[in-house]
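For ligands, and for the atoms within them, numbers begin at 1 and follow the listed sequence.
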Amino acid sequence: MNNHIEICETRERKPRPPDQDLGFGDVFTDHMFVMQYNQELGWHDQKIIPYGPMSLPPAAACFHYGQTAFEGLKAYRGAGERILLFRPWDNARRINATGERLCMPPIPKETFLRAVETLVTVDRDWIPSAPGTSLYIRPVIIATEEHLALKPSSSYLFVIMLSPVGSYYRRGIAPTRIYVETEQVRSVPGGVGAAKTGGNYARGLQAEVRAAGQGYDQVLWLDGQKREFAEEVGTSNVFFMIDDVVITPPLHGTIMPGITRDSVLTLLREWGVAAEEREISVQEIADAHQAGSLQEAFGAGTAAVISPIGEICWKDRCMQINRGETGPVTRRIYETLTGIQLGRIEDPFGWTTEVLLLAE
Ligand SMILES: *Cc1c(COP(=O)(O)O)cnc(C)c1O
């Protein structure tokens, strides 16, 4: 495969919003990366072009049957203007795992990484530097074949867009209020709960909108069979600390194998904090709360990194955690992870990689 990336720079650079005005995912940089797939040529025609609308036929398969795969990672502006990525090869691996589940062709890991690095380099002036800010990187693969009978598409488009972001939650890392969703579910065994694919998220909107209407920040999703066990919080992996043991649901195919989740487990084990990957029921959480042994809870994902949980409401019972404040273990994880991501503290795990300005 020809690995040349053609770069067509825009003539009209957009103004960059000030760092303190950044929300999450509402501003896009000047360029995007695009690459085509068809059966004759495989992945081909790599380009960086001005960010803007794309033209697709209404019958393109992605609009109808959800054959899509996406990723989310971030570039950080570290000390000395270094541009750092956090574990990007894990995103390269996971987009192909999602693609495999949905009968989409894999993208060579090197191609994925080079595309990300080249695009970030072209738009490097967009990487914000205020605390809590970063450049969110959103790769997506969509099925483009113009064909209405259900089958795997024969053509695809891979696009990467960049969005300078502030804190995921408007209130920064303030503890969140969580509603335990006991009717709708996000995933079932054998389904696509471990895949980052479009339909997985649309199905959560109704419960999330309802919960938001009642003043909650996120929904705690339960397992799809018994609606007893915690699975994820919003679009993050979830952790509970009970009696000095940190517990997170296991990777049995119904939850996302989060890169942040894996990093949290690695840190805890490194620190000698007991960490278990096992099923945890809401009843167990409620019993621990009653007994006074539910110490902390938090969500973990690239977008918010770590978001402390201050309160969980299950049916008519509301449980406050750590007096509604961020707990010490949650804070330590947040500070260590963001410190490593920004290159401020040593990275003994080899998680960060520097984007070295590529000479095209
Ligand atoms: C992306 C995602 C996560 C977090 O994964 P990271 O790799 O840590 O960003 C968790 N749950 C869901 C449903 C996700 O889509």
Sub-3.5 Å pairs, protein N or O with ligand 1 N or O:
residue	atom	partner	partner atom	Å
ligand 1	7 (O)	Arg94	NH1	2.8
ligand 1	7 (O)	Arg94	NH2	3.0
ligand 1	7 (O)	Ile259	N	2.7
ligand 1	8 (O)	Ile259	N	3.2
ligand 1	8 (O)	Thr260	N	2.9
ligand 1	8 (O)	Thr260	OG1	2.6
ligand 1	9 (O)	Thr302	N	2.9
ligand 1	9 (O)	Thr302	OG1	2.6
ligand 1	11 (N)	Glu232	OE1	2.5
ligand 1	11 (N)	Thr235	O	3.3
ligand 1	15 (O)	Lys196	NZ	2.8
ligand 1	15 (O)	Tyr201	OH	2.4

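- The six-membered or imidazole ring of Phe24 lies near that of Tyr136, with a centre-to-centre distance under 6.0 Å.
- With respect to the salt-bridge test (charged N to carboxylate O, under 4.0 angstrom), the residues Asp30 and Arg13 qualify.
- Taking the six-membered ring for Trp and the full ring otherwise, the centers of Phe112 and Phe33 sit at least 6.0 Å from each other.
- Asn322 places no side-chain N or O within 3.5 Å of a backbone atom of Gly324 that could act as its donor or acceptor partner.
- Each disulfide bond (SG atoms under 2.5 Å apart) pair with one or both residues in residues 9-116, not counting sequence neighbours, would appear here, but there are none.
- Between the Arg82 side chain and the Leu356 main chain, no donor and acceptor come within less than 3.5 Å of each other.
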